[in-house]
Structures are given as C-alpha cells and as structure tokens.
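Notes for the one structure printed next.
Quick note on labels: first sequence line is chain A, next is B, and so on, each numbered from 1.
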There are 2 protein chains.
Amino acid sequence: MMDKLIIGVDIGGTTIKMALIQESGEIVEKWVITTNTKSNGIHIIPDIAAAIKNKIRERSIDSSSILGIGVGAPGPVNMQTGILYTAVNIGWEKPVALREELQALTDLPVVIENDANVAALGEMWKGAGDGARDVICVTLGTGVGGGVIVNGDIAHGIKGAAGEIGHITAVPVNGYYCNCGKYGCLETVASATGVIRLATDELSRNAEPSVLREILSQQGRLTAKAIFEAAQKGDKVAVKVVDNLTFYLGLSLANLGSALNPEKIVIGGGVSHAGDTLLKPLRAKFKEYAFPTVAESTTIEVATLGNDAGVIGAAWLIKYKH
Amino acid sequence: MMDKLIIGVDIGGTTIKMALIQESGEIVEKWVITTNTKSNGIHIIPDIAAAIKNKIRERSIDSSSILGIGVGAPGPVNMQTGILYTAVNIGWEKPVALREELQALTDLPVVIENDANVAALGEMWKGAGDGARDVICVTLGTGVGGGVIVNGDIAHGIKGAAGEIGHITAVPVNGYYCNCGKYGCLETVASATGVIRLATDELSRNAEPSVLREILSQQGRLTAKAIFEAAQKGDKVAVKVVDNLTFYLGLSLANLGSALNPEKIVIGGGVSHAGDTLLKPLRAKFKEYAFPTVAESTTIEVATLGNDAGVIGAAWLIKYKH
C-alpha cells in the first residue's frame with residue numbers, strides 16, 4: 001500500500017512554495033511557482049491547482065492517496081469559513097473564498113491558515129519546537145511576525161489578530177512610528193530595518209569610533225548583518241545597539257513567557273542568523289525579566305526549518321485539522 | 001429523573017468554599033468550612049470529604065447523581081497526576097496527592113486545578129467571559145493573579161507557570177522588589193498594596209495638597225479604596241497614582257492582547273471594585289498600546305461572580321475535563 005501524502009502550499013508575495021509531504025511530516029519533493037499578482041491576483045488559485053495536478057500526473061500518484069492540501073496565506077483567515085479576508089501583497093484586496101475555490105479546482109480537501117501561523121506550526125511539529133505543545137514563534141525579518149501555540153493548537157483570538165507579537169508596544173515612551181498606526185512597536189526596533197534604525201540613531205548620538213560609521217559613509221547604508229558582525233568583534237556602538245535590541249525583545253518575550261510559560265520560544269527570520277551574538281544577550285535579558293519558574297523552564301531556540309516551515313506547517317493542518 | 005449535580009470546592013487560606021452546582025453551572029447551595037492548617041494541613045482533605053458526605057446525607061442525594069468533585073487549590077498542580085506540588089499558605093509544604101486522596105475518601109471522581117485558573121474558568125463559563133473561548137482573567141487583590149484561556153481551555157505551560165500575569169515586568173527600570181525575586185513586577189504596582197505604595201511614593205515627591213496626605217497623617221495608613229475615591233473626586237495626587245497604575249496595567253494587558261486577541265479581559269479582585277474610576281483610564285491606555293485590531297475587538301470587563309468564581313470554575317472541570 002502506498003503511503004498517504006499531503007500537499008503543503010505557502011503563498012508568498014513573489015513565489016508560492018509547494019511540497020509533497022509524507023503524513024509523518026517529511027518532505028518528499030518541493031518546488032516553487034511564481035506568484036502572478038496581475039489582475040488582483042485572479043490567476044493565483046488556478047495556478048496553484050494546475051501545479052498540483054501537474055505534479056500528481058508527473059509522479060503518477062493515485063489521488064486517493066492524497067489526504068488534502070494545506071495552505072498558508074499572507075493575511076488574516078477565517079478557518080471555519082475558509083475565507084481569506086485580505087492579502088494586499090498578492091493583490092487580494094477583497095475577501096477570497098480560498099478554500100472553496102481550491103477544493104473545486106482540485107477535488108481535494110483544503111485547509112487554510114495565516115502564513116505566520118503555519119510557519120509556527122511547522123517549527124512546532126518538525127523544527128526547533130520538537131513536538132512541544134506550547135510554543136511561541138517570532139520571525140525577525142523585514143517586519144516581526146509571530147505565532148502562538150497553546151495546548152498544541154494555534155491561538156487565533158476573536159478577530160484572528162493573535163500572534164501579532166511584532167506589535168507589542170516595546171517602547172511605550174518616545175517610540176518610533178509603526179505602519180500599524182501605533183508608536184513603539186517591537187517591529188520598529190527588532191526587525192532587520194529596526195536594528196538598522198537603532199544603529200543609525202546610536203551613531204548620531206554616540207561619538208565613539210565605530211566600524212558602522214565607516215560602512216555607512218562608504219556604502220551609504222547599514223545592514224543587520226554588518227551590525228551583528230561588528231558587535232561580535234566588540235565594536236562599542238554595535239554592542240550598544242544589540243544591547244538595546246535584546247532589552248526590548250527579551251523584555252517582550254519574558255512578559256509573554258510569564259503569561260504562557262511555553263516550552264520553547266523559537267526565533268526565526270534573517271535577524272536570527274546572527275546566532276549567539278543575538279541569542280546570548282537575549283537569553284540573559286529573558287532570564288532577568290521572566291517569572292523565575294519561566295526563566296528556568298522556557299528555552300529560546302533558533303528556528304531550524306528555514307523556508308520549509310510554511311509548507312510543513314500547512315501539511316500539519318491536513319493531518320490534524322481536517 | 002433527578003438532575004445531575006457537581007460539587008465545586010475552592011480551598012483558601014482561611015476558608016474552604018463549597019457548592020452544589022447543576023450541570024448547567026447554576027449554584028444550588030453553597031457553604032463554607034474553616035481551613036484547618038494545623039499539623040501541616042493533614043485535616044484538610046478529610047474535612048472536605050466529611051463536609052461533602054454530610055451534605056449528600058442532609059439533602060438525601062443519591063450519590064449516583066453526582067458527576068464528581070472539582071477542586072481549586074492554592075498552588076501549582078499537575079492535572080495529569082492529580083498532585084498539588086505545594087501550597088504553603090495552607091501548610092502543604094510537600095506535594096500532596098490531592099485527587100487520589102479525595103477520591104478514596106468520597107468514592108467520587110475528582111479533578112483538581114490551580115485556584116487562579118478555576119476562577120478564570122468560572123468567569124469564562126458563567127461570569128463576565130459569557131462563554132467566550134479566549135479570555136484573560138486578572139485578579140487585582142493583595143497580589144495580582146491571573147488565568148489565561150485559549151481556545152476554550154486553560155493555558156498551563158511546560159511547568160504550570162502560565163497565567164503569572166502578576167509577574168509580568170511592568171517597570172523594567174527602577175522597579176520595586178517583588179517577593180518572586182524579580183524587580184518591577186505588575187503586582188508591585190497594580191495590587192491593592194501596589195497602589196498604596198505608588199500613592200505613598202507620589203506623596204513624598206509631590207507637593208500638591210491632597211486628601212491622601214490628610215488620611216495618611218490621621219489614620220496612619222492609606223487604602224486602595226481611599227485612593228480611588230480621592231481620584232474620583234479629582235484629587236490631583238490620587239489622579240496621578242491612578243494614571244500610573246493604569247499605564248502599567250494597560251500596557252501589560254495591551255501587550256498580552258496583541259499576542260492573544262482575547263474576546264474579553266476580565267478584571268476581578270478588590271481593586272476592581274473601583275469600577276469606572278479604574279476602567280475608564282485603563283481602557284484608554286489599552287487602546288493606546290494594543291495592536292489596532294485588538295484595540296477594537298478585545299474588551300475589558302469587571303468580573304461578575306465575585307467569590308463564587310472558584311466553585312463554579314471547579315464545577316466546569318468536572319463537566320469538561322473529566
């Protein structure tokens with residue numbers, strides 16, 4: 001008898017990641033198609049359906065051996081109705097009946113979920129979460145995203161806004177303006193752009209010589225990578241910036257930790273590539289601000305699945321939520 | 001046929017609250033026994049069992065019509081094993097097999113849970129939570145306690161420390177020392193004693209005339225009630241104190257809100273009796289610091305069950321967790 005398979009789909013602004021995945025969560029094959037955002041994204045669902053049908057044909061898979069299609073989508077979803085409310089970066093400005101349309105085109109069961117949440121589910125299931133039932137995932141990328149898993153399931157909240165960890169007010173006084181309309185959001189100081197902003201500000205206040213000043217004058221701009229590399233080498237300005245960043249992030253995560261005592265807090269995204277230069281001070285701040293039992297029992301880990309987290313978490317949806 | 005009944009038990013430091021409760025959550029009768037903390041509390045479980053057996057006899061209840069006994073206990077519990085790790089204020093310094101012992105003495109099924117969590121479950125089920133599936137409860141009493149309900153169930157976390165909202169670090173810089181060993185916990189500024197401390201400090205810094213200064217010199221001490229009454233009448237020092245308190249509490253709850261987007265945040269305990277003098281500025285701060293969707297969809301309410309929340313939440317355990 002053939003193993004049952006699941007199709008995982010992770011819809012992004014430029015590409016759609018797809019994978020054939022075993023029921024156990026192992027990837028059999030993954031591939032990528034381009035996200036066609038033309039005409040308000042009307043081609044996206046047919047393109048996904050065609051790619052799935054081609055793959056099934058190409059590998060001569062009996063469709064009765066496919067359990068279903070899990071989909072992570074870049075916007076707030078209603079899991080009950082299968083509707084994606086809005087996903088501006090792929091051209092969907094109005095609600096789309098993503099589940100029903102994809103089911104109709106493929107004749108396969110579909111479950112949909114927000115993309116930050118499927119990434120968290122992926123890390124919980126097969127990544128750094130390692131099967132833990134209580135996990136907080138934070139992605140430090142261009143922005144800061146998050147997913148909160150309690151008792152083995154995603155927290156959505158009353159309007160699907162649970163997991164908006166990037167919009168925790170980390171700087172309540174004199175914070176930077178955030179695109180969400182508030183000031184002082186964690187995203188304004190802990191995303192890749194946030195770290196650069198902290199560094200630029202620190203350079204303008206701080207007369208210490210710094211390699212960051214040289215990079216800025218030579219290349220016209222800083223990167224998060226350059227800042228962490230400078231901090232690792234002991235550059236005083238860079239160390240101060242990483243101190244500030246880990247204070248805001250460590251305090252925010254400690255306070256969530258005291259409310260949820262997760263087994264793991266998983267940090268992903270580009271900024272997490274800084275490794276120990278980020279993790280060591282972050283863990284120290286977390287221990288300083290978390291309730292003692294939480295400081296001892298909740299660990300902070302780096303995400304391990306990278307770009308595969310989305311398709312794997314999407315497959316989890318079919319295995320456990322269908 | 002007779003209605004099925006549940007026995008709810010809420011073990012406190014001075015009294016044990018007990019109630020006969022219908023399966024629907026309505027209280028049939030409630031009564032109280034004294035907590036006998038002598039000899040490391042060895043009388044407590046037999047006393048509870050005897051009180052239950054007496055009540056069953058007194059009302060000629062057929063014990064087959066009793067679904068079980070739900071128990072809220074003042075310490076961390078392991079729901080799987082039915083063990084209460086420690087409950088110093090009732091003399092239990094070592095782990096107690098609360099569930100097994102009470103089952104053996106009563107021949108009835110028993111489910112145990114931490115008392116802050118049962119109070120939260122009670123408010124979710126029959127109180128201000130009004131059946132919402134995502135609720136955060138905060139009790140502002142001598143200390144600050146909490147319970148976090150996600151997807152209709154209590155968050156425990158990996159070591160049972162979820163819900164320690166009182167130990168969120170609300171004042172990361174120059175905070176007061178807290179009994180937990182950290183500095184700046186929410187409990188140090190938002191409990192009844194915390195409000196008094198904020199007021200005493202404000203009086204020593206602030207030269208404004210204030211009724212609080214008169215009360216302090218006449219009666220030797222302030223109360224949370226006096227502070228809120230003065231604030232309601234426009235006393236400038238008292239208004240400043242309530243502003244500070246609601247800044248710390250509103251920011252902490254907004255940040256939890258952005259992570260969990262609960263339908264309701266329910267505020268209980270003595271400090272919540274201040275009503276609108278507390279709620280109005282608290283809601284304003286919450287809206288200022290919460291992610292916009294959360295600010296619009298998560299509401300802050302005052303607890304409605306008072307001292308009955310514990311026995312009702314304990315009954316919920318039998319209905320849904322047994």
Could you tell me the separation between the [atom1] atom of [X] and the [atom2] atom of [Y], rounded to the nearest 0.5 Å?
| X | Y | atom1 | atom2 | result |
| --- | --- | --- | --- | --- |
| B:Thr299 | B:Glu263 | OG1 | CD | 7.0 Å |
| A:Lys182 | A:Thr169 | NZ | OG1 | 2.5 Å |
| A:Met79 | A:Asn114 | CE | CG | 10.5 Å |
| B:Ile112 | B:Asn78 | CD1 | CG | 8.0 Å |
| A:Leu198 | A:Asn244 | CG | CG | 6.0 Å |
| A:Glu301 | A:Leu279 | CD | CG | 8.5 Å |

Please check if the number of heavy atoms outside B:Tyr176 that lie under 6.0 Å from its OH is greater than 12.
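Yes - once you tally the heavy atoms of other residues, nucleotides and ligands closer than 6.0 Å, there are more than 12.
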With a 4.5 angstrom heavy-atom cut-off, could you sort out which part of [X] is near chain A: side chain, backbone, both or neither?
| X | answer |
| --- | --- |
| B:Asn261 | both |
| B:Ala259 | both |
| B:Pro262 | backbone |
| B:Leu260 | both |
| B:Tyr183 | neither |

>> As a quick check of understanding, evaluate side-chain contact (heavy atoms from CB on, under 4.5 Å) for A:Leu278 and A:Leu140, giving each step before the final call.
In response: CA-CA 11 Å; A:Leu278 171 73; A:Leu140 308 175; 4.3 Å; yes
Check: Do A:Leu256 and A:Ile265 come close enough that some side-chain heavy atom pair is under 4.5 Å?
Finding: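 No; the side chains remain at least 4.5 Å from each other.
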How about residues 284-291 of chain B versus chain A: which residues have heavy atoms under 4.5 Å apart?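 Residues in range: B:Glu288, B:Tyr289, B:Ala290, B:Phe291.
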### Message
Just to be sure I understand the criterion: a residue of residues 142-168 of chain B counts if one of its heavy atoms is under 4.5 Å from a heavy atom of chain A. Which ones qualify?
### Response
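B:Val148, B:Val150, B:Asn151, B:Asp153, B:Ile154, B:Ala155, B:His156, B:Gly157, B:Ile158, B:Lys159, B:Gly160, B:Ala161, B:Ala162, B:Gly163, B:Glu164, B:Ile165, B:His167, B:Ile168 fall under the 4.5 Å cut-off.
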Identify the two heavy atoms, one from B:Ile300 and one from B:Arg283, that lie closest to each other, and give their separation to 0.1 Å.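 Closest pair (atom of B:Ile300, atom of B:Arg283, distance): O-NH2, 2.6 Å.
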For this session: Determine whether the side chains of B:Ser252 and A:Asn255 contain a donor N or O and an acceptor N or O closer than 3.5 Å.
Result: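 Looking only at side-chain atoms, A:Asn255 and B:Ser252 do not form any donor-acceptor pair under 3.5 Å.
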Option passing side-chain contact (heavy atoms from CB on, under 4.5 Å) with B:Leu282 (candidates B:Ile267, B:Val242, B:Leu245) =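 Going through B:Ile267, B:Val242, B:Leu245 one by one, the side-chain contact (heavy atoms from CB on, under 4.5 Å) with B:Leu282 is satisfied by B:Ile267 alone.
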* Can you tell which of B:Gly181, B:Pro292, B:Ala295 has the highest number of heavy-atom pairs within less than 4.5 Å of chain A? ->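 So the answer, after comparing B:Gly181, B:Pro292, B:Ala295, is B:Pro292.
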